[in-house]
Amino acid sequence: MLRSFWRSIDRFSVQHFKSVIDELQQIKVVDEHNRELVMDLLQSIVEIVTYGERQDPSIFESFMEHQVLSEFVRILKISENSNIEAPLLQYLSIMIQNMDSAHAIYYCFSNGYINSIISHPYKFDGGDLAPYYVSFMRAISAKINRDTLCLLVKVHGDAVVSFPLYTEALRFSQHEEKMIQTAIRAIVLNIYNVSDDMVYQFISTPPVSEYFSDLVQRLRDLCFRLDTFVCDKEDNDTQKRRNGLILESDRIVDELYYFKDILSVGKPLLSRLVIENLLNGLIFPVLFSLLASKNNNASDLSAISSLYILSRLVQVVGGRTMVNNVAGVILYHFFNLHVKVLGEGNASDGHDDVKSFSKCLNEVERIICYTPDPESRGTESITENYLGAHLEDYMSSFNMNSSNSNICSKRVGILAFVFSKDNILLLASIFLLLILAESKDLDCHITTMIGLYGTQDVMILNALLKVLAFQQSLSAVMLWHAGWCLQKLLNFHREGLNDESLLLFNTSYDQSRLHFLKELDGIWFDLIPDTLRNEWESCKTVLEQSSQNKDPLFMLELILPQQSTNGETSYFAWQRMFDTVKAFILHFQLKTFIFKGVLVENPLLDMIASSTNGSGAIHASDFSSASFGSNVSLESGIPCGIAFSNSEIRDIYVIPVTSGTVGKLLLTEKHPFRSRHGVVIAIAPLAGLCPQKDEDHPSWLHLRIREFDPQFYSNKGTGNHLSMPDHLVDGRWTLGFPNAKACEEARLAILNEITKLRSAVGYMLTPLLQNDLGTA
C-alpha cells in the first residue's frame, strides 16, 4: 500500500490531463496572486497535448472533448493586468508548431477559437507582448493550406469579409523592430502562397489593398533617405556618408526582394496589384522626373539616385512587364530614331514634336504588349493602361509654346546622361542601359532598338574612351567601372573600334603605361610586383562580371570625395602607386580584349610567385631573411651611431642588403660574445629611404622610413579604398658617421643596393611592359 501511495503520478496520462483541465476551469479570474499557477497549468496542457498528438490519441480526443482552446480564450478574457497574454501566446505557438497531423491542425483552426485569440484586444504598450503575438500568428500561417485557410476567414455570400490573421498582421508591417517586420512578411507570403481566389479578392480590395501602396510609399521614403546621403556634400565625413549609403541601399534592396517574393507567387491578380502600385507610386515618377524635368523640382530624386534605383529594380525585381516598362520610357529616344515620324530635314513646331513623341510611345506600347508572357497572364495590359495613363502627365512637362530646340533637348532622354560631362552620371546611365540590354526579360524587339548595335554604340564607346583617355583626376575605382562598361559594349559592338576610337584608346593606354613607369622611380617600386599579383585577378573578375551580378552601389560610392594622392608622405605615395597599377592592369586587359578578344591571366604570375617564395627562404648568407633579434655577420657592416628618441647615442652597424626583389636596411649591434656578428635591433625597407646628407653636419645621414603599412590598412579599408591612417608622418633616422667621407660612402652603398633592387623589379616587369599586342 505504501509503495502504491508514493508512486509518482504519470504526468502524461489522460487522467492527469483531465485533472489539469478541471483545475484550469475552476479559475474565475487571473490576477497577480494566481498568475504563476495559471501559467503552470497552461504549460502542462501544452506539454501533454504535444506529447499526446504523437504518442497517445486518447489525450487529443480529451483535448477536443473538453474544448481546451475555448479555455485559452476564456483565460484571456478574465485576466486583469496579469501579464498572462505573452506566456499564453508562447505556449500556443509551441503547441501549433509541434502539431503534425492534418486532423489536429484542422480541429485547432475550427470553431473560431484561433480567430478569437488573434482578435483579442491586446494592449501593445511597448512591452514584449508584440513579438509573442507575431510569433503566434507566424506559427499559424506556417500550418495553413487550401483546406485550413477557409477556417480562418469569415465569408458572406461569395466574398471574404473578415480575415483576422492577415489584417492583424498588417498592423505590424511597419514595426520598428526588424525581427517583427521579417515575421510579418513571412506570414503574408505564407498566406499568398495558398492559392485561394476569394482570399486574393479580399486582399486586393480597399482598404485591405492599401497595404501594397503603403509598401511602395515605404520604398519611396527609403529612396529619399538614400538621396539625402547622396546630396549631402557638406558632410566631410566620407566614411560616415559611405556607411549611410550602404545601410540605406541595403534597406532598399530588402524591400525590392520582398516585392520579388510576392511576384514569385505567380498569381496574376496579385502580380497585377503589385506591379500597378510600383509603376504608379515609384517607377513612373522616378522615370519622368529623371528624363523630363531633369530634377529641377526639389521634390524629385537626384539623377544618380534615380539611376541607381532603376538599376536595382531591374536587377532584383525584373519580370517582363517591369523591365519593358522601364525600357519603354528610358529608350524613347531610340524608338523615335527608329519610328522616324518626322521627315528628315523637315521643320516642325512644338505641337508636331509632341505628337511625334506620342506616336513613339504608342509604338513602345505595341512592341511591349506584342508577346504575352505565359507566366504573368493577365498583366500584359498593365503597360498599355499605365503608360497611356501617364502619357498626358508626361506631356504636360513640355512647354507647348517653347521652341522646337528646347523640346528636342528634353527629348534626348537618357542620352543626356550618357554624354554628360559628369563621369558619374555617364557610367551610371550606361550601366542601366547594359542591365536592360542583358536582361532576359527584355522583349527582343526592344533589344534590337536599344542603341547598342549601331551608330549610338560608337558614340557611347567614344564617351567611355574619353573617360579613360583623360584619367588624371579619376580614381582607379571609377576607371575600373568605366573599363567594365567598355568591355561589355565591345561585346555588343562586333565590328571593333574605328580609327577614332582606337586613337582614343591608344592615347589612354600610353598615358597609363607612362604613369606606371614613373612609379618604378617612386618609393614603393618594391611592392609593385605584389600589387600586380593581388589586383590582376580582381580586375579580371570585375571585367567578367555580368550586369545582373554587378552591384550598382558603385554609382553611389563614386560620388564620395576621393582621397587626394598629392603629398610627400609614404601613404600618399602608396595610394598613388596602388591606383596607377590598377589603372595599368585595366588598360592591359582591355588592350588584349580589343586585339585578341580575350582577357588574360597575369603574364608575370609565375615569376612573381617564384620571386616571393625565393625571398622567404632562409640562408646563412642571405640577409633578406633576417628579422628582429637575428644574428648576422658584420663583414659588410658600416659602423656609425644613432640615437633613438631621447636615448643616448648607440654604436651600431648599418647593413643595406638586396636579395631578388627584397631589400632591407639592417641596424645591428655587436653580439656580446661573438665579435664578428651582430644582433639586428631595427629593420627598414630599402625602398623609400631617400638617403640625404645634412647640409650643416656633413657626417650625418638622414633616412626616411616608410611607417605606413599598406597590408594593415587595406584590411581595414572598404572595397578598393584604403582607409585613411590615423597619422601620416613618416619615420626619420639620422645616422652619425666618424667623418664626411664615411657618411658619403654609406650613402653610396645604400643607393647602390636600391639601384640593384630597382633593376630586379624592372627586369621582372620587362615582359609586361614590352608586350606589344597591336597598334592602331
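- Closest heavy-atom contact between Leu556 and Leu245: O-CD1, 3.6 Å.
- The heavy-atom pair separating Phe584 from Ser512 by the smallest distance is CA-OG, 3.1 Å.
- Using a distance-only test at 3.5 Å, with no hydrogens or angles considered, a donor-acceptor pair links the side chain of Trp480 to the main chain of Lys582.
- Without hydrogens or angle criteria, Ser429 side chain to Leu425 main chain gives a donor-acceptor distance under 3.5 Å.
- A donor-acceptor pair is defined here as one N or O able to donate and one able to accept, closer than 3.5 Å; no such pair exists between the side chain of Gln487 and the backbone of Glu544.
- When atom types are taken as modelled, the side chain of Asp300 and the backbone of Leu290 share no donor-acceptor pair closer than 3.5 angstrom.
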Output, in order, the C-alpha distance, side-chain angles, deciding distance and verdict of side chain to side chain contact (heavy atoms under 4.5 Å, CB included) for Glu601 and Lys540.
CA-CA 8 Å; Glu601 299 293 340; Lys540 189 170 182 289; 3.5 Å; yes

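- Electrostatic pairing of Arg218 and Asp221 does not count as a salt bridge here, judged by no charged N lying under 4.0 Å from a carboxylate O.
- Under the 4.0 Å criterion applied to side-chain N and carboxylate O atoms, Arg185 and Asp261 are not assigned as salt-bridge partners.
- One finds the CG atom of Leu301 at 5.0 Å from the CG atom of Asp227 (value rounded to the nearest 0.5 Å).
- Judged purely by distance below 3.5 Å, without hydrogens or angles, the side chains of Asn534 and Thr531 never pair a donor atom with an acceptor atom.
- Note that NE2 of His587 is 9.5 Å distant from CG of Asp510, once rounded to the nearest 0.5 Å.
- Separation of atoms CD1 (Ile594) and OH (Tyr509) is listed at 11.0 Å; rounding is to 0.5 Å.
- Heavy atoms only, all atoms of each residue included: Val265 and Tyr192 are closest at CG1-O, 3.4 Å.
- The backbone N or O of Gln239 lies less than 3.5 Å from a partner atom in the side chain of Asn243, making a donor-acceptor pair.
- The side-chain tip of Lys550 points at the ring of Phe554 from less than 6.0 angstrom away and within 45° of straight on.
- Listed for the Glu255 side chain is no donor-acceptor partner under 3.5 Å among the backbone atoms of Leu219.
- In this structure, the side chain of Ser271 engages the main chain of Lys267 through a donor-acceptor pair within 3.5 Å.
- Judged by distance alone, the side chains of Asn277 and Ser213 never bring a donor and an acceptor atom under 3.5 Å apart.
- Formation of a donor-acceptor pair under 3.5 Å by the Ser311 side chain with backbone atoms of Pro552 is not found in this model.
- Looking at every heavy atom in both residues, Val286 comes nearest to Ser306 through CG1-CB, 3.6 Å.
- Taking both residues in full, the closest heavy atoms of Pro285 and Arg220 are given as CB-NH1, 3.7 Å, listed atom of the first, atom of the second, then distance.
- The cationic group of Arg241 does not satisfy the cation-pi geometry with Phe229, failing either the under 6.0 Å distance to the six-membered ring centre or the 45° limit from the ring axis.
- Checking Ser546 against Asn549 by side-chain atom types alone, a donor-acceptor pair falls below 3.5 Å.
- Taking both residues in full, the closest heavy atoms of Phe431 and Gln315 are given as CZ-NE2, 3.9 Å, listed atom of the first, atom of the second, then distance.
- Between the CG atom in Leu586 and the CH2 atom in Trp536 there is a gap of 10.5 Å [rounded to 0.5 Å].
- In this model, no donor atom of one side chain and acceptor atom of the other lie less than 3.5 Å apart for Ser538 and Thr541.
- The distance from atom CG of Leu468 to atom CG of Leu590, rounded to the nearest 0.5 Å, is 6.5 Å.
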